Protein chains: 2
Amino acid sequence: MKTSIQKVSEQLKSYQIRPSFQRVRILHYVQTEKNHPTIDMIYSSLLAEIPSLSKTTIYNTLKLFVDAGIMQPITIENHEIRYDADTTPHIHFKCIDCGEVTDVFIPEQQDWLSSRIPSGYDVHEQHLYARGRCPECQL
Amino acid sequence: MKTSIQKVSEQLKSYQIRPSFQRVRILHYVQTEKNHPTIDMIYSSLLAEIPSLSKTTIYNTLKLFVDAGIMQPITIENHEIRYDADTTPHIHFKCIDCGEVTDVFIPEQQDWLSSRIPSGYDVHEQHLYARGRCPECQL
DNA sequence: GTATCTGCAAAACATTTGCAATTCT
DNA sequence: AGAATTGCAAATGTTTTGCAGATAC
């Protein structure tokens with residue numbers, strides 16, 4: 001049976017992206033921790049494992065992944081970009097207390113928005129997000 | 001009959017905010033041009049009228065307005081914050097060609113999202129936006 | 001051996017902060 | 001005069017760029 005590191009490596013190859021050590025670890029990290037990390041979160045988490053890692057590499061790599069369609073950038077706060085390895089449409093909920101971003105899947109979301117936007121608009125992407133208090137942070 | 005400048009001035013007073021010349025012009029600009037401007041768009045548009053205007057004042061003023069609930073910041077691109085003087089829930093559509101952000105009102109939006117998020121989450125705000133090509137930019 | 005990839009250092013940008021000058025009441 | 005507001009200049013923080021060394025094919 002293949003390890004998930006091997007799977008990540010093959011996923012990259014299928015996108016014609018060379019599976020360098022850094023790239024594989026970055027993608028693996030974002031896929032397994034489903035925490036929608038920022039650049040800094042990725043950097044500080046991987047530093048123990050890859051002491052030579054630089055932020056420039058993370059910037060380069062995430063740009064590569066986003067352009068390839070492997071990841072999507074999530075824009076909830078204007079001062080932090082988060083990244084999600086799940087590119088299917090779903091809702092992001094950010095807790096105003098703990099700061100965590102969690103996924104909410106609503107079956108009928110798929111075309112709710114696009115089907116309601118007036119004709120004449122050519123919709124490429126739709127994004128829904130909410131802010132509030134998550135179940136763990138209720139008193 | 002009152003000019004819209006006078007109306008803006010009174011709106012500010014109703015929020016206990018002193019209607020200084022700069023504040024009135026900034027709010028008036030965002031309200032009348034419904035272009036969801038960035039800080040820079042506001043700055044360069046008002047510079048002719050207020051040559052001494054500084055960006056710091058715009059930063060200060062917009063923070064004041066957002067905290068007071070007079071405006072909402074719109075986060076579509078991570079590298080630019082736009083501001084909207086309409087704080088009722090509605091959809092923003094950003095055209096990938098001309099870059100304009102337009103409003104789309106869908107009557108049933110009001111509670112579509114909040115009513116579908118699993119119970120346990122306490123939803124304070126919901127935001128929907130889409131990206132694509134606007135009617136004017138179709139070939 | 002040639003392409004690609006990584007990571008340092010510097011550059012470019014956007015936003016915030018401290019403070020002095022100005023304006024309003 | 002006293003309090004609030006403005007705007008300059010400096011500080012901060014984040015992202016991008018240029019490039020030299022390392023790595024992979």
Side-chain angles (χ1 to χ4, degrees), chain A residues 5-6 8-10 12-29 37-68 70-71 73-83 99, chain B residues 5-6 8-29 36-68 70-71 73-83 99:
Chain A
I5 287 289
Q6 281 177 315
V8 168
S9 180
E10 272 159 35
L12 286 176
K13 280 187 215 157
S14 77
Y15 280 91
Q16 326 287 347
I17 293 173
R18 268 206 227 161
S20 75
F21 186 74
Q22 287 85 337
R23 288 171 179 170
V24 169
R25 295 294 152 160
I26 291 170
L27 181 51
H28 181 251
Y29 173 79
T38 62
I39 296 270
D40 268 337
M41 289 163 76
I42 300 171
Y43 178 70
S44 44
S45 300
L46 292 181
L47 204 54
E49 196 180 350
I50 318 172
S52 70
L53 187 64
S54 96
K55 269 191 195 169
T56 304
T57 298
I58 302 183
Y59 278 103
N60 290 340
T61 304
L62 288 180
K63 184 176 187 338
L64 187 72
F65 289 171
V66 169
D67 290 348
I70 298 175
M71 283 190 192
I74 308 178
T75 303
I76 295 181
E77 313 285 355
N78 32 60
H79 60 275
E80 67 172 25
I81 312 177
R82 287 167 167 265
Y83 292 89
Chain B
I5 287 288
Q6 281 177 316
V8 168
S9 180
E10 272 159 36
Q11 185 186 351
L12 286 176
K13 279 186 218 157
S14 78
Y15 280 92
Q16 323 291 346
I17 293 174
R18 267 208 228 162
S20 75
F21 187 74
Q22 287 85 338
R23 288 171 179 172
V24 169
R25 296 294 152 158
I26 291 170
L27 180 52
H28 181 251
Y29 173 79
H36 312 82
T38 61
I39 297 271
D40 268 336
M41 288 164 76
I42 300 171
Y43 178 70
S44 43
S45 300
L46 293 181
L47 203 53
E49 196 181 348
I50 317 171
S52 70
L53 187 63
S54 96
K55 269 191 197 170
T56 303
T57 298
I58 302 184
Y59 278 104
N60 289 340
T61 304
L62 288 181
K63 184 176 186 338
L64 187 71
F65 290 172
V66 169
D67 290 348
I70 298 176
M71 283 189 193
I74 309 178
T75 303
I76 295 181
E77 313 284 355
N78 31 61
H79 61 276
E80 66 172 25
I81 311 177
R82 286 166 168 266
Y83 292 88

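Owing to the predicted nature of the structure, the values given are computational and were not obtained by experimental measurement. So you know, we letter chains A, B, ... as the sequences are listed, proteins then strands, and number each from 1.
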### Task
Could you tell me whether A:S20 contacts a base, only the sugar-phosphate backbone, or nothing, with contacts defined as non-hydrogen atoms closer than 4.0 Å?
sugar-phosphate
### Query
Which nucleotide in the list C:dT17, D:dC25, D:dT5 gets nearest to the side chain of B:R18?
D:dT5
### Task
Provide, to the nearest angstrom, the distance between the CG atom belonging to B:N78 and the P atom belonging to C:dT15.
12 Å
### Query
Hey, which of these two, A:R23 or B:E80, hits DNA chain C nearer its 5' end, going by closest nucleotide?
A:R23
#### Entry: Base paired to C:dA21 (Watson-Crick or G-U; both N/O distances under 3.5 angstrom)
D:dT5
### Query
Expressed in angstrom and rounded to an integer, what is the separation of B:F21 atom CZ from D:dG7 atom P?
10 Å
### Per B:S54 side chain, nearest of listed nucleotides C:dG7, C:dT6, D:dC8
D:dC8
### Query
What is the distance from CG of B:L46 to C1' of D:dG7, rounded to the nearest Å?
15 Å
### Query
Tell me: CG of B:L64 to C1' of D:dA4, nearest whole Å?
11 Å
### Summary
The nucleotide from C:dG7, C:dC5, D:dT15 with an atom nearest the side chain of A:T57 is C:dG7
### Query
With respect to the side chain of A:I81, which nucleotide from D:dT15, C:dA14, D:dG7 is positioned closest?
D:dT15
### Task
State the CZ-CG distance between A:R82 and B:N78, to the nearest 0.5 angstrom.
13.5 Å
### Query
Of all the choices, D:dC25, C:dT6, D:dG7, which nucleotide is nearest to the side chain of A:T61 once you look at every atom?
C:dT6
### Task
Output yes when at least one side-chain N/O atom of B:Q22 is less than 4.0 Å from OP1 or OP2 of C:dT23, else no.
no
### Query
What is the distance from CD1 of A:I17 to C1' of D:dC25, rounded to the nearest Å?
17 Å
### Query
Is the closest side-chain heavy-atom distance between B:K55 and B:D40 below 4.5 Å?
yes
#### Entry: Any-strand Watson-Crick or G-U partner of D:dT23, both distances under 3.5 Å
none
### Query
For A:I26 and C:dC5, what is the distance between atoms CD1 and P respectively, to the nearest whole Å?
13 Å
### Query
Would a distance-only check, ignoring hydrogens and angles, find a side-chain to backbone donor-acceptor pair under 3.5 Å from A:T61 to A:T57?
yes
### Query
Looking for any heavy atom pair under 4.0 Å, which part of the strands does B:I39 touch: base, sugar-phosphate only, or nothing?
nothing
### Whole-Å gap separating C1' (C:dT4) and NZ (A:K13)
17 Å
### Query
Is any side-chain heavy atom of A:I58 closer than 4.5 Å to a side-chain heavy atom of A:L46?
no
### Task
State the syn/anti category of C:dA3 according to its glycosidic angle, syn meaning within 90° of 0.
syn
### Task
Return the value, rounded to whole Å, for the distance between atom CG of B:N60 and atom P of C:dA14.
18 Å
### Query
Any side-chain heavy-atom pair from A:L62 and A:I81 closer than 4.5 angstrom?
no
### Query
So do A:Q22 and A:L53 actually touch side chain to side chain, heavy atoms under 4.5 Å?
yes
### Query
Would you say A:Y59 reaches D:dT15's phosphate, i.e. side-chain N/O to OP1/OP2 under 4.0 Å?
yes
